[in-house]
**Student:** 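My structure is below; once you've seen it, I'll send some questions.
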Protein chains: 2
Amino acid sequence: MTKTLPTTSRSLPIALIRAREGVMLPIRDMLSETGITEQQWRVLRVLSEFGQMDAKTLADRSSLLFPSLTRIAATLRDKGFVTQTRDDKDKRRQFIKITAAGQKIIDDRADRAAEIVKGFKATLGDEKYETLLDLLGMLDPGAQK
Amino acid sequence: MTKTLPTTSRSLPIALIRAREGVMLPIRDMLSETGITEQQWRVLRVLSEFGQMDAKTLADRSSLLFPSLTRIAATLRDKGFVTQTRDDKDKRRQFIKITAAGQKIIDDRADRAAEIVKGFKATLGDEKYETLLDLLGMLDPGAQK
DNA sequence: GCCATTTCCTTAACATGTTAATTGTTGCGA
DNA sequence: TCGCAACAATTAACATGTTAAGGAAATGGC
């Protein structure tokens with residue numbers, strides 16, 4: 001017998017896109033005044049949380065493909081939010097570090113960002129919110145299930 | 001007191017990205033041989049499910065922004081997978097319809113696509129799979145919560 | 001009928017996603 | 001040490017995401 005595709009309304013890829021759309025709306029709204037994008041924000045967040053690291057690690061932790069990171073790092077460098085330095089031991093490698101100006105971008109908006117997160121927790125309820133994160137984690141190819 | 005941002009590993013936007021990455025991996029793999037992209041596949045899926053419709057409705061149902069749809073429709077038309085016709089009653093409007101060649105793209109891969117879906121249900125378990133879709137639906141800005 | 005507004009669609013400009021090719025370095029085994 | 005595979009990063013090419021502006025057609029109030 002022939003297998004049937006799920007209706008698009010119950011399609012996992014589409015549901016993921018739409019949910020992401022909903023989640024990003026207030027975040028993009030918050031970022032609009034800064035002139036930085038959602039991905040640039042993510043890179044700064046990771047650098048702020050973990051400190052200086054090489055580009056490959058940064059790409060992984062930011063969930064960005066390497067070519068994207070190359071461009072984003074260049075943009076952030078031009079804006080003065082990160083610095084790039086070559087590793088003397090291994091000249092292929094590059095270290096990226098957040099600057100004070102970059103850190104300020106994060107700090108000035110940490111409260112508002114936390115409020116946005118709080119809003120989503122309120123929408124779903126704390127328990128469902130955690131359940132959702134767990135279920136999403138199971139689909140993450142990087143997190144050995 | 002100062003609010004704290006969640007660690008990036010428990011960030012909802014990042015979790016959504018990574019989950020989507022995991023879900024799309026086998027799908028992109030399936031589509032690689034067709035020369036059509038994931039979004040083009042989505043448009044064909046919607047047209048196949050609902051039949052001919054105007055561009056605005058198609059964009060909504062495909063979860064695509066209008067400018068993206070304009071380009072994608074042009075690409076699919078050039079490939080012979082859809083036809084575009086103006087509405088005589090309202091010359092602003094445009095109807096888009098899947099062709100036999102376009103339908104064949106879907107039909108030839110429906111089984112494999114269904115297998116992929118089955119794989120994710122198996123990963124999560126049927127119950128958690130449905131729970132996930134419900135939770136994602138709650139974040140969908142288009143679905144009045 | 002006239003005009004401002006709205007609606008549907010297109011185009012533009014820039015950033016990112018995605019895959020592949022390329023460059024410069026390192027490390028390793030013959 | 002030579003040669004080559006592996007690695008880090010960049011660049012290129014094309015498609016999409018996102019916002020804004022623009023054009024053409026319909027609509028509604030007057």
Side-chain angles (χ1 to χ4, degrees), chain A residues 13-14 16-18 20-43 53-60 62-79 81 84-96 141, chain B residues 13-14 16-18 20-43 53-60 62-79 81 84-96 141:
Chain A
I14 291 184
L16 286 168
I17 291 172
R18 292 192 176 152
R20 191 172 141 60
E21 204 178 307
V23 169
M24 290 322 298
L25 218 94
I27 296 179
R28 257 203 298 278
D29 204 49
M30 172 189 80
L31 291 178
S32 66
E33 63 184 31
T34 68
I36 72 172
T37 67
E38 166 210 334
Q39 289 84 352
Q40 291 166 18
W41 166 260
R42 214 156 71 217
V43 167
M53 72 192 72
D54 67 290
K56 192 178 185 60
T57 307
L58 180 55
D60 282 347
S62 307
S63 285
L64 290 169
L65 294 180
F66 219 113
S68 294
L69 181 62
T70 295
R71 290 178 298 212
I72 290 171
T75 303
L76 290 175
R77 169 172 42 70
D78 292 346
K79 293 185 175 178
F81 296 153
Q84 297 174 295
T85 54
R86 288 245 156 261
D87 182 356
D88 286 332
K89 320 267 181 184
D90 185 340
K91 291 174 189 167
R92 290 172 303 183
R93 200 164 292 174
Q94 177 194 163
F95 287 118
I96 300 180
Chain B
I14 292 185
L16 286 168
I17 291 172
R18 292 191 176 153
R20 190 171 142 60
E21 205 178 306
V23 168
M24 290 321 299
L25 218 93
I27 296 179
R28 256 202 297 278
D29 204 47
M30 172 189 78
L31 291 178
S32 64
E33 64 185 31
T34 69
I36 72 173
T37 67
E38 166 209 335
Q39 288 82 352
Q40 292 166 17
W41 167 260
R42 214 156 70 219
V43 167
M53 72 191 73
D54 66 291
K56 190 178 184 60
T57 308
L58 180 54
D60 282 347
S62 307
S63 284
L64 290 169
L65 293 180
F66 220 113
S68 294
L69 180 62
T70 293
R71 288 177 301 213
I72 291 172
T75 303
L76 290 175
R77 170 172 40 72
D78 292 347
K79 293 185 176 179
F81 296 152
Q84 297 174 295
T85 54
R86 288 243 157 262
D87 181 356
D88 286 332
K89 320 268 183 185
D90 184 340
K91 291 174 188 166
R92 289 171 305 181
R93 199 164 292 173
Q94 178 194 162
F95 287 118
I96 301 180

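Because only heavy atoms are used, hydrogens play no part in the values below, and waters and symmetry mates are left out as well, while side chains stay in. Keep in mind the model is a prediction, meaning the values are calculated, not measured. Every chain is numbered from 1, with letters handed out A, B, ... down the list of sequences.
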**Student:** Scan A:L69 against the nucleic acid and name what it touches under 4.0 Å (heavy atoms): base, sugar-phosphate only, or nothing.
**Tutor:**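 It contacts nothing in the nucleic acid.
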**Student:** Which whole-number value in Å describes the distance from B:F66 CZ to D:dG23 C1'?
**Tutor:** 14 Å
**Student:** Please report the distance, rounded to the nearest Å, between NZ in B:K89 and P in D:dA24.
**Tutor:**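 The answer, rounded to whole Å, is 24 Å.
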**Student:** Tabulate atom names and distances for all N/O pairs under 3.5 angstrom spanning the protein and nucleotides 22-25 of chain C.
**Tutor:**
from	atom 1	to	atom 2	distance (Å)
C:dT25	O2	A:R92	NH1	3.3

**Student:** Taking the side chain of A:S68 as its heavy atoms from C-beta onward, which of C:dG17, C:dC9, D:dT10 lies nearest to it?
**Tutor:** C:dG17
**Student:** Please find the pair of heavy atoms, one from B:L76 and one from B:V43, that lie closest to each other, and give the distance.
**Tutor:**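 For B:L76 and B:V43, the tightest heavy-atom pair comes out as CD1-CG1, 3.7 Å.
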**Student:** Using heavy-atom distances to pick each residue's nearest nucleotide on DNA chain C, tell me which of B:E21 and B:Q84 is more 5'.
**Tutor:** B:Q84
**Student:** Check every atom of D:dA8, D:dG17, C:dT10 against the side chain of A:K56 and return the nucleotide holding the closest atom.
**Tutor:** D:dA8
**Student:** Out of D:dA9, C:dT18, C:dA12, which has the shortest distance to the side chain of A:R86?
**Tutor:** D:dA9
**Student:** From the set D:dT10, C:dT10, C:dT19, return the single nucleotide nearest to any side-chain atom of A:P67.
**Tutor:** C:dT19
**Student:** Rounded at 0.5 Å granularity, tell me how far CZ in B:R20 sits from CZ in A:R20.
**Tutor:**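 The CZ atom of A:R20 is 8.5 Å from CZ of B:R20, to the nearest 0.5 Å.
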**Student:** Going from CG on B:L58 to CZ on B:F95, what distance comes out if it is rounded to the nearest 0.5 angstrom?
**Tutor:**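 So the CG of B:L58 and the CZ of B:F95 are separated by 12.0 Å.
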**Student:** Starting from P on C:dC8, measure out to CE on B:M53 and report it in whole angstrom.
**Tutor:** 15 Å
**Student:** Taking atom P of D:dT16 as reference, at what distance in whole Å does atom CZ of B:R20 sit?
**Tutor:** 12 Å
**Student:** Given atom CG of B:L65 and atom P of D:dT19, what is their separation to the nearest angstrom?
**Tutor:**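 Answer to the nearest Å: 8 Å.
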**Student:** Could you state the interatomic distance from CZ (B:F81) to CD1 (B:I36), rounded to the nearest 0.5 Å?
**Tutor:** 6.5 Å
**Student:** Can you tell me the distance, in whole Å, between the CZ atom of A:R93 and the P atom of C:dG27?
**Tutor:** 9 Å
**Student:** Using whole Å, what does the distance between atom C1' of nucleotide D:dA9 and atom CG of A:D54 come to?
**Tutor:** 11 Å
**Student:** So does A:R92 get a backbone contact from the side chain of A:R86, meaning a donor-acceptor N/O pair under 3.5 Å?
**Tutor:**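 Yes.
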**Student:** Give a yes/no answer on whether the side chain of A:Q94 brings an N or O atom under 4.0 Å of OP1 or OP2 in D:dT10.
**Tutor:**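 For A:Q94, the contact criterion (side-chain N or O under 4.0 Å from OP1 or OP2 of D:dT10) is met.
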**Student:** So how far is it from B:L65 CG to B:T70 OG1, rounded to the nearest 0.5 Å?
**Tutor:** 10.5 Å
**Student:** With rounding to the nearest 0.5 Å, note down the distance linking CD in A:Q94 to CG in A:D87.
**Tutor:**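 Output value for this atom pair is 10.5 Å.
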**Student:** Among C:dC9, D:dG17, C:dT18, which nucleotide sits nearest the side chain of B:R71?
**Tutor:** D:dG17
**Student:** Between A:T57 and A:D54, what is the shortest heavy-atom contact and its length?
**Tutor:**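 Heavy-atom minimum between the residues: OG1-OD1, 2.6 Å.
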**Student:** Measuring from atom OG of B:S62 to atom CD of B:Q40, what distance do you get when rounded to the nearest 0.5 angstrom?
**Tutor:** 11.5 Å
**Student:** Nearest heavy atom decides the nucleotide; on that basis, is A:M24 or B:K79 closer to the 5' end of DNA chain D?
**Tutor:** B:K79
**Student:** Measure across A:E33 and A:M30 and return the closest heavy-atom pair with its distance rounded to 0.1 Å.
**Tutor:**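 Scanning both residues completely, I find the closest heavy atoms to be CG-O, 3.5 Å.
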**Student:** Whole angstrom is fine here: how far is it from CG in A:D60 over to P in D:dA9?
**Tutor:**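 Going from A:D60 (CG) to D:dA9 (P), I get 11 Å.
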**Student:** With the threshold set at under 4.0 Å for non-hydrogen atoms, list the residues of residues 25-42 of chain A touching DNA chain C in residue-number order.
**Tutor:** A:T37, A:Q39, A:Q40
**Student:** Does D:dT10 have OP1 or OP2 under 4.0 Å away from a side-chain N or O of A:T70?
**Tutor:**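 Looking at the OP1 and OP2 atoms of D:dT10, one of them is under 4.0 Å from a side-chain N or O of A:T70.
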